[in-house]
**Q** 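Starting off with a structure, shown below.
All of these numbers come straight from a predicted model, not from anything done at the bench.
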Amino acid sequence: MAAPREETRGLFGQGVRAVLGSWAALQIAVENGFGGTHGPEKAAWLGGAVEEYFHNNADLEQDEIEDFLAKVLDREFDTVVEDGSLAQVSQQLQWLFGQCQSGETGSAHNAIARLAQAAPQACVLAAQAQPESQSSEEEEEEEMPEAMECSRAEPPPSPPPTPEDGWTLVQKKKK
């Protein structure tokens, strides 16, 4: 039996906030002021914009969700995410929306609770491959895509860019 529309819409809203709240790339952008002085408000707005995007567009594909998120992060936070987390976040949102639309509120509630516990601190994302095999008992109940893993490891140093058009690159000295 499908859950009432308002309940599933509210549940999806909670899920969106949980996914975005556990997305380290977005949290780092907000904490470091990439969105300007109104970064937290923009992050809250993003949650509502994602909800509306799903409700206004039928049968969204994962790449469409990724493109939407990438455009918003670029415009609102001057941030380009290249760590693989766009795909993870898009997959999580798509899965949650499907669960809410099909009335599978129990699994959606469990996933939201897990995400709420995994709120990141400023950390580096470790993109993680999803295991494809499931046991016969797990085939009946779909699992929420894995939450993003964070570690305190430093990112690998990037190679120094080559100066163009007479510009000289000044880099910080390492401590």
**Q** Mind jotting down which residue pairs meet the salt bridge (charged side-chain N to carboxylate O under 4.0 Å, His left out) criterion with at least one end in residues 100-111? Sequence neighbours excluded, please.
**A** none

**Q** Side chains of V80 and L73: does their closest heavy-atom pair fall under 4.5 Å?
**A** no

**Q** How long is the gap from CD on Q91 to OG on S85, to the nearest 0.5 Å?
**A** 12.5 Å

**Q** Within the structure provided, determine whether L69 and V81 are in side-chain contact (heavy-atom separation under 4.5 Å).
**A** no

**Q** With sequence neighbours excluded, what pairs up with Q62 under the side-chain hydrogen bond (donor to acceptor under 3.5 Å, both in side chains) test?
**A** E66

**Q** Residues in ring-ring contact (aromatic ring centres under 6.0 Å, His included) with F68, at least two apart?
**A** Y53

**Q** Return the CD1 to CG distance between I65 and L86, rounded to the nearest 0.5 Å.
**A** 11.0 Å

**Q** Enter the distance from L96:CG to Q14:CD here, rounded to the nearest 0.5 Å.
**A** 10.5 Å

**Q** If I take atom CZ from residue R114 and atom OG from residue S22, how far apart are they, to the nearest 0.5 angstrom?
**A** 11.0 Å

**Q** Once rounded to the nearest 0.5 Å, what's the spacing between atom CG of D63 and atom CD of Q94?
**A** 9.0 Å

**Q** If the condition is side-chain hydrogen bond (donor to acceptor under 3.5 Å, both in side chains), which residues does E51 pass it with, not counting sequence neighbours?
**A** none

**Q** For E82, enumerate each residue passing the salt bridge (charged side-chain N to carboxylate O under 4.0 Å, His left out) test, keeping only those at least two apart in sequence or located in another chain.
**A** none

**Q** Atom CG of N32 and atom CD of Q27: how far apart are they, to the nearest 0.5 Å?
**A** 11.0 Å

**Q** With sequence neighbours left out, write down each residue that passes salt bridge (charged side-chain N to carboxylate O under 4.0 Å, His left out) with E76, or none if nothing qualifies.
**A** K42

**Q** Just to verify, what does A18 make a side-chain contact (heavy atoms from CB on, under 4.5 Å) with, not counting sequence neighbours?
**A** I112, L115

**Q** Just to verify, what does H55 make a ring-ring contact (aromatic ring centres under 6.0 Å, His included) with, not counting sequence neighbours?
**A** F12, F97

**Q** How far apart are the closest heavy atoms of A43 and V30, and which atoms are they?
**A** CB-CG2, 3.8 Å

**Q** Is a salt bridge present between E64 and K71, judged by a nitrogen-to-oxygen distance below 4.0 Å?
**A** no

**Q** Is it the case that the side chain of E31 and the backbone of L26 share a donor-acceptor pair, with hydrogens and angles ignored and the cut-off at 3.5 Å?
**A** no

